[in-house]
There are 2 protein chains.
Amino acid sequence: MSKASDLKDAGLKATGPRLKILNLFETSEQRHLSAEDVYRLLLDEQDDVGLATVYRVLTQFEQAGLLVRHHFESGKAVFELNQGGHHDHLVCVKCGKVEEFYDAEIEKRQDAIAEQHHFLIQDHAMYLYGVCAECQTRLAGKLKAR
Amino acid sequence: MSKASDLKDAGLKATGPRLKILNLFETSEQRHLSAEDVYRLLLDEQDDVGLATVYRVLTQFEQAGLLVRHHFESGKAVFELNQGGHHDHLVCVKCGKVEEFYDAEIEKRQDAIAEQHHFLIQDHAMYLYGVCAECQTRLAGKLKAR
DNA sequence: TTTTGTGCAAACTTTTTGCAAACAG
DNA sequence: CTGTTTGCAAAAAGTTTGCACAAAA
């Protein structure tokens, strides 16, 4: 029942939709899910939850600190489980794959810069957009084919 | 006529709307403008350009490399003039103010990380979200006032 | 029972698209 | 003149909200 108490700690009742959504993030292959992704995955496993509820729950979870919201370049928000350890993201602009990394030196420099600018930092959000190894080879193949 | 030739170099005809929009970015106080911002600013100076045209032109300019598109956390895209020199952004989550910075050490680490992950990097996009100095004092005042 | 949460449909915001008229080269 | 570009209105896409009903404590 750790999930139910996670929710109670956040001041949220342990309802069906909330438990299902939390469970999804804990068990899904992909760490990064959009509202639409969550909605579809739940439909697939016959757990019908309204799309509006998905949006509401995701926002509540973000406010409760259970999830972190990101705005990659796609125009839609994606969420991932907040497991404490901060990290940054490498995002493939071709296939959408996300790889995570952490670099202490970068974090240190970020803090120094925020201080210089008198910014009270809330989110060290770094996204490196590029083309992943797989897409590079795939695209190279396509070029040669012409 | 440098603007007109900038456009021609990009394979775009030098039309009224395009020249006005490019000019706006070159003369505006704020470096970072959303489509809506551009639309309103042009209306203010009696230069009527349809909103759809603003969107189309901004996208064309981005593809031509004249502008850079960012997705801050606001849900709307903002654009800035591409002046070659790469930099990162400190974004105030309270007032939306954007400050720019550049840190060679961070760039170096980013390149190293991209290489480790076999990513072909396209955009070193770093956004530090926080609260700017002004908003910190403003919010502190508000708290005391209660 | 009383508060809180859910589903649905409708509204809203940002961005895109189809098409006829206007414009640049 | 001929292909591009524009403006408008309509449509998409993502997200939020109002409200009656359902579920949790």
Side-chain angles (χ1 to χ4, degrees), chain A residues 1 3-24 32-43 45-64 66-79 96, chain B residues 1 3-24 32-43 45-64 66-79 96:
Chain A
M1 282 276 91
K3 288 159 195 178
S5 49
D6 283 354
L7 291 180
K8 290 222 197 74
D9 292 350
L12 299 169
K13 288 185 180 176
T15 65
R18 289 186 184 147
L19 290 170
K20 287 174 195 163
I21 292 174
L22 188 51
N23 184 57
L24 190 59
H32 300 84
L33 301 172
S34 67
E36 191 72 22
D37 292 336
V38 170
Y39 179 66
R40 298 224 164 284
L41 287 171
L42 290 181
L43 278 192
E45 44 188 78
Q46 263 81 50
D47 290 333
D48 289 30
V49 175
L51 182 55
T53 300
V54 171
Y55 274 104
R56 276 185 292 231
V57 169
L58 290 175
T59 301
Q60 290 160 352
F61 283 4
E62 184 199 10
Q63 284 165 355
L66 295 171
L67 296 179
V68 180
R69 183 194 300 250
H70 297 286
H71 290 88
F72 295 151
E73 43 128 54
S74 56
K76 48 163 78 176
V78 300
F79 297 80
Chain B
M1 281 275 93
K3 288 159 196 180
S5 47
D6 283 353
L7 292 180
K8 289 222 198 74
D9 292 350
L12 299 169
K13 287 186 178 176
T15 65
R18 296 213 264 235
L19 290 169
K20 287 174 196 164
I21 292 175
L22 188 50
N23 185 56
L24 190 58
H32 300 84
L33 301 172
S34 67
E36 190 72 24
D37 292 337
V38 170
Y39 178 67
R40 299 225 164 282
L41 287 170
L42 291 180
L43 278 192
E45 45 188 75
Q46 264 81 50
D47 290 333
D48 289 31
V49 175
L51 182 55
T53 301
V54 171
Y55 275 102
R56 277 184 292 232
V57 170
L58 290 176
T59 301
Q60 290 160 350
F61 284 4
E62 184 200 10
Q63 285 164 355
L66 295 171
L67 296 179
V68 180
R69 183 195 299 250
H70 297 286
H71 290 88
F72 294 152
E73 44 129 51
S74 55
K76 45 163 81 174
V78 300
F79 297 80

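Convention: sequence-line order gives letters A, B, ...; per-chain numbering from 1.
- Spacing between atom CG of A/Leu19 and atom C1' of C/dT6 amounts to 14 Å, rounded to whole angstrom units.
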Please list each protein N or O that sits under 3.5 Å from an N or O in nucleotides 11-13 of chain C, with the distance.
none

Residue pair A/Phe79, A/Val38: steps toward the side-chain contact (heavy atoms from CB on, under 4.5 Å) verdict: CA-CA 10 Å; A/Phe79 297 80; A/Val38 170; over 6 Å; no
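- Taking atom CG on B/Leu22 and atom C1' on D/dT5, their separation rounds to 16 Å, with Å as the unit.
- Between B/Phe72 and B/Val78, the shortest heavy-atom contact is CE1-CG2, 3.5 Å.
- The separation between A/Leu7 atom CG and C/dT6 atom P is 10 Å, rounded to whole Å.
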- line: Per-nt protein contacts along nucleotides 16-25 of chain C (heavy atom under 4.0 Å; B base, S backbone sugar-phosphate only, - none) come out as BBB-----BS
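- Listed by first and then second residue, the side-chain hydrogen bond (donor to acceptor under 3.5 Å, both in side chains) pairs involving residues 47-57 of chain A amount to none (not counting sequence neighbours).
- Annotation: the terminal axes of the helix from C/dT1-D/dA25 to C/dG25-D/dC1 meet at 30°, where each axis is the rotation carrying the C1' atoms of four end pairs onto the next four (5 pairs per end, rounded to 10°).
- Atom NE2 in A/His71 sits roughly 12 Å away from atom P in C/dT15 (whole-Å rounding).
- In this view, B/Glu36 and B/Arg40 satisfy the side chain to side chain donor-acceptor pair (under 3.5 Å) rule, not counting sequence neighbours.
- Nucleotide D/dT6 holds its C1' atom 13 Å from the OH atom of B/Tyr39, rounded to whole Å.
- Scanning both residues, B/Phe61 and B/Leu7, for their nearest heavy atoms gives CE1-CD2, 3.5 Å.
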Check residues 12-21 of chain B and write down every donor-acceptor pair under 3.5 Å in which the side-chain atom is one partner and the other belongs to a residue at least two apart or another chain.
from: B/Arg18; atom 1: NE; to: B/Lys13; atom 2: O; distance (Å): 3.1
from: B/Arg18; atom 1: NH1; to: B/Gln60; atom 2: OE1; distance (Å): 2.8
from: B/Arg18; atom 1: NH2; to: B/Lys13; atom 2: O; distance (Å): 3.4

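- Straight-line distance from the CG atom of A/Leu42 to the P atom of C/dT6: 12 Å, rounded to whole Å.
- As a whole-Å value, the separation of A/Lys20 NZ from C/dT6 P is 10 Å.
- One can place CG of A/Leu33 at 15 Å from P of D/dG14, the figure rounded to the nearest angstrom.
- In this structure, A/Val57 and B/Gly75 both approach DNA chain C, and ranking their closest nucleotides by distance from the 5' end singles out A/Val57.
- In this view, A/His71 and A/Arg69, A/Ala77, B/Glu73 satisfy the side chain to side chain contact (heavy atoms under 4.5 Å, CB included) rule, not counting sequence neighbours.
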